[in-house]
Amino acid sequence: MFLLVSYDIINNRRRSKVCNILKDYGKRVQFSVFECLLDSKDLIRLKAALLKLINEKEDNLRIYQLCESCKKNVLIYGNTKITEDEEVYII
């Protein structure tokens, strides 16, 4: 499944940890936005790892699951493209 994950985290340490976890699961497309191609088991692992880190009173974490037809309607401008390959592996 194709996921768009964004976050807004005030604390630098937590933000860095969230970023490092997301690097293991997807491709960074903007400063606090990642695209991930995951199966349901990996999504469960990712959510568990992220939810352990964030402070729900201070932080904002969003995970959007996009269907194939929604993914086709993503508009991208500039010198980038949507994550298509599954060369992202969990280490």
Side-chain angles (χ1 to χ4, degrees):
M1 71 187 78
F2 184 81
L3 304 167
L4 187 69
V5 182
S6 68
Y7 56 88
D8 185 9
I9 297 174
I10 296 170
N11 180 280
N12 291 335
R13 188 167 181 239
R14 283 198 313 270
R15 186 175 53 249
S16 292
K17 287 183 177 183
V18 165
C19 177
N20 287 333
I21 288 171
L22 284 166
K23 285 179 181 175
D24 291 340
Y25 287 87
K27 178 182 174 189
R28 189 180 212 163
V29 293
Q30 298 220 344
F31 189 75
S32 299
V33 180
F34 282 77
E35 291 177 347
C36 305
L37 292 166
L38 303 177
D39 61 26
S40 57
K41 289 181 182 177
D42 288 337
L43 175 58
I44 290 169
R45 287 187 202 113
L46 174 62
K47 284 195 306 188
L50 294 176
L51 292 177
K52 281 183 188 175
L53 283 176
I54 68 165
N55 178 330
E56 292 192 26
K57 291 181 181 176
E58 296 180 350
D59 302 333
N60 183 324
L61 172 70
R62 294 173 184 238
I63 302 174
Y64 299 92
Q65 183 175 341
L66 299 178
C67 65
E68 281 303 312
S69 61
C70 296
K71 190 175 152 186
K72 291 176 187 171
N73 293 325
V74 174
L75 301 174
I76 298 176
Y77 303 98
N79 64 349
T80 187
K81 60 182 183 179
I82 198 163
T83 302
E84 292 288 344
D85 60 321
E86 297 192 25
E87 293 182 14
V88 178
Y89 298 101
I90 298 169
I91 299 172

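Numbers for residues simply follow the sequence, beginning at 1.
The CZ atom of Phe2 sits 6.0 Å away from the CG atom of Leu37 when rounded to the nearest 0.5 Å. Atom NZ in Lys52 sits 9.0 Å away from atom CD1 in Ile21 (nearest 0.5 Å). Here Leu22 contributes atom CG and Leu46 contributes atom CG; the two are 5.5 Å apart, rounded to the nearest 0.5 Å. Separation of atoms CD (Glu35) and CG (Leu66) is listed at 8.5 Å; rounding is to 0.5 Å. Within the model, atoms CG of Leu50 and OH of Tyr25 stand 8.0 Å from one another, a figure rounded to the nearest 0.5 Å. Interatomic distance, Cys19 SG to Asn12 CG, rounded to the nearest 0.5 Å: 12.0 Å.
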*Test side-chain contact (heavy atoms from CB on, under 4.5 Å) on Ile76 and Ile82 and set out the steps.*
CA-CA 8 Å; Ile76 298 176; Ile82 198 163; 3.7 Å; yes
*Step by step, work out the side-chain contact (heavy atoms from CB on, under 4.5 Å) result for Asp59 and Asp8.*
CA-CA 6 Å; Asp59 302 333; Asp8 185 9; over 6 Å; no
*With side-chain contact (heavy atoms from CB on, under 4.5 Å) as the test, would you mind laying out the steps for Asp39 and Met1 before giving the verdict?*
CA-CA 6 Å; Asp39 61 26; Met1 71 187 78; 5.8 Å; no
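Counting side-chain heavy-atom gaps under 4.5 Å among Ile, Leu, Val, Met, Phe, Trp and Tyr, Phe31 is found in no cluster with other residues.
Here side-chain hydrogen bond (donor to acceptor under 3.5 Å, both in side chains) pairs that include residues 62-73, with residues two or more places apart or in two chains, are Asn60-Arg62, Arg62-Tyr64.
No chain of hydrophobic side-chain contacts below 4.5 Å, direct or via other Ile, Leu, Val, Met, Phe, Trp or Tyr residues, connects Leu61 to Val29.
Nearest heavy atoms, Cys36 versus Gly26: SG-CA, 3.8 Å. Val18 and Leu53 make their closest contact through N-CD1, 3.8 Å (heavy atoms, listed as atom of the first residue, atom of the second, distance). Across every non-hydrogen atom of Ile9 and Arg15, the tightest pair is O-NH1, 2.6 Å. Minimum interatomic distance between Lys47 and Ile63 (heavy atoms only, all atoms of both residues): CG-CD1, 3.7 Å.
Judged by distance alone, with hydrogens and angles left aside, the side-chain atoms of Arg28 form no donor-acceptor pair with the main-chain N or O of Val33 at under 3.5 Å. Listed for the Asp42 side chain is no donor-acceptor partner under 3.5 Å among the backbone atoms of Leu38.
Within the 4.5 Å cutoff, the side chain of Phe34 has no heavy atoms near those of the Leu4 side chain.
Applying the side chain to side chain contact (heavy atoms under 4.5 Å, CB included) rule to Leu75 yields the partners Tyr77; only residues at least two apart in sequence or on another chain are considered.
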